[in-house]
Amino acid sequence: AQSVTQLGSHVSVSEGALVLLRCNYSSSVPPYLFWYVQYPNQGLQLLLKYTTGATLVKGINGFEAEFKKSETSFHLTKPSAHMSDAAEYFCAVSRGANNLFFGTGTRLTVIP
Amino acid sequence: KAGVTQTPRYLIKTRGQQVTLSCSPISGHRSVSWYQQTPGQGLQFLFEYFSETQRNKGNFPGRFSGRQFSNSRSEMNVSTLELGDSALYLCASSANPSGRDEQYFGPGTRLTVT
């Protein structure tokens with residue numbers, strides 16, 4: 001069975017501070033991993049994904065994530081938070097099909 | 001390229017009624033997936049269609065069904081609506097069904113059941 005755990009349903013950071021959103025997955029086989037962002041009253045937008053290859057993945061808007069198989073983690077980071085980063089972030093996994101299993105989400109608040 | 005479109009954007013129905021939601025994928029995309037988003041259960045996979053065939057189905061009752069047409073447009077239907085079916089229903093399209101590629105999400109249809 002696949003599952004995704006996102007630690008912290010709410011995270012607050014100051015503008016300009018490091019953003020760290022945590023994601024751990026449970027899978028017998030390394031899955032495909034994704035981070036999506038959702039702004040109010042909108043659908044989801046892909047930030048980045050890991051399928052194979054380089055374990056440090058760079059995405060849009062300055063975000064990046066590192067796949068760590070030994071820790072079964074795929075944490076999302078951004079060196080310097082911007083007000084426009086305030087949104088809800090979802091970690092998701094899939095394994096060979098377009099049926100994403102999502103974490104419960106982390107709402108990011110950026111304090112000016 | 002136009003994005004994924006979903007109609008209607010908002011819908012209010014009464015318990016016991018049925019509803020049909022529509023999704024038009026990005027041109028050229030043949031895989032369409034549906035998800036339900038609620039505050040309590042989060043984002044849950046409903047089903048996926050590729051080339052008019054259902055490939056995967058989530059853990060939802062038979063009241064939830066879907067189909068895909070030859071032009072890749074998809075519809076989902078919920079019969080005998082319950083209050084718990086109130087949710088944001090998201091459709092996503094992808095170029096192929098491998099799971100490796102990005103799924104592009106539409107803005108969703110917000111269904112309220114009263």
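Per chain, numbering begins at 1; letters A, B, ... match sequence-line order. Everything quoted here is computed from the prediction, not taken from an experiment.
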Next on the checklist: Holding to salt bridge (charged side-chain N to carboxylate O under 4.0 Å, His left out), I want the full list of residues that pass it with R15(B), two or more places apart in sequence or in another chain.
Outcome noted: none

Item to check | Top of R55(B), E48(B), K57(B) for chain A proximity - count of heavy-atom pairs under 4.5 angstrom | outcome: E48(B)

Next on the checklist: Does any backbone or side-chain atom of Q38(A) lie under 4.5 Å from a heavy atom of chain B? Answer side chain, backbone, both or neither.
Outcome noted: side chain

Next on the checklist: Ignoring hydrogens, what is the shortest heavy-atom contact between V4(A) and C23(A)? Give both atom names and the distance.
Outcome noted: CG1-SG, 3.6 Å

Checklist entry - Under 6.0 Å between the ring centres of F34(A) and Y32(A)? => result no

Next on the checklist: Looking at every heavy atom in both V32(B) and C23(B), which two are closest together, and how far apart are they?
Outcome noted: CG1-SG, 4.1 Å

Checklist entry - Hey, which of Y35(B), Y104(B), F50(B) has the most heavy atom pairs under 4.5 Å with chain A? => result Y35(B)

Checklist entry - Has L7(A) got more than 12 heavy atoms of other residues, nucleotides or ligands less than 6.0 Å from its CG? => result yes

Checklist outcome for this item: Bottom line for L43(B): the part with an atom under 4.5 Å from chain A's heavy atoms is both

Next on the checklist: Is it the case that the side chains of N98(A) and S33(B) hold a donor-acceptor pair, with the cut-off being a distance below 3.5 Å and no angle test?
Outcome noted: no

Next on the checklist: Does any backbone or side-chain atom of Q37(B) lie under 4.5 Å from a heavy atom of chain A? Answer side chain, backbone, both or neither.
Outcome noted: side chain

Checklist entry - What option among G106(B), S98(B), P107(B) has the most heavy-atom pairs under 4.5 Å with chain A? => result S98(B)

Item to check | Selection residues 99-112 of chain A - residue pairs positive for salt bridge (Lys or Arg N to Asp or Glu O under 4.0 Å), sequence neighbours left out | outcome: E88(A)-R107(A)

Next on the checklist: Do Y89(B) and L111(B) have side chains that approach each other closer than 4.5 Å (heavy atoms only, starting at C-beta)?
Outcome noted: yes

Next on the checklist: Sub-4.5 Å heavy-atom contacts with chain B: which residues of residues 71-82 of chain A show up?
Outcome noted: none

Checklist entry - Can you tell me if CD on Q54(B) sees more than 12 non-hydrogen neighbours from other groups inside 6.0 Å? => result yes

Item to check | Region of L46(B) in contact with chain A, defined by heavy-atom distances below 4.5 Å | outcome: neither

Next on the checklist: Run the side chain to side chain donor-acceptor pair (under 3.5 Å) test against Q6(B) and tell me which residues pass, sequence neighbours left out.
Outcome noted: none

Item to check | N96(B) versus chain A, the contacting section by heavy-atom distance below 4.5 Å | outcome: backbone

Item to check | Side chain, backbone, both or neither of T104(A) within contact of chain B (heavy atoms, under 4.5 Å) | outcome: neither

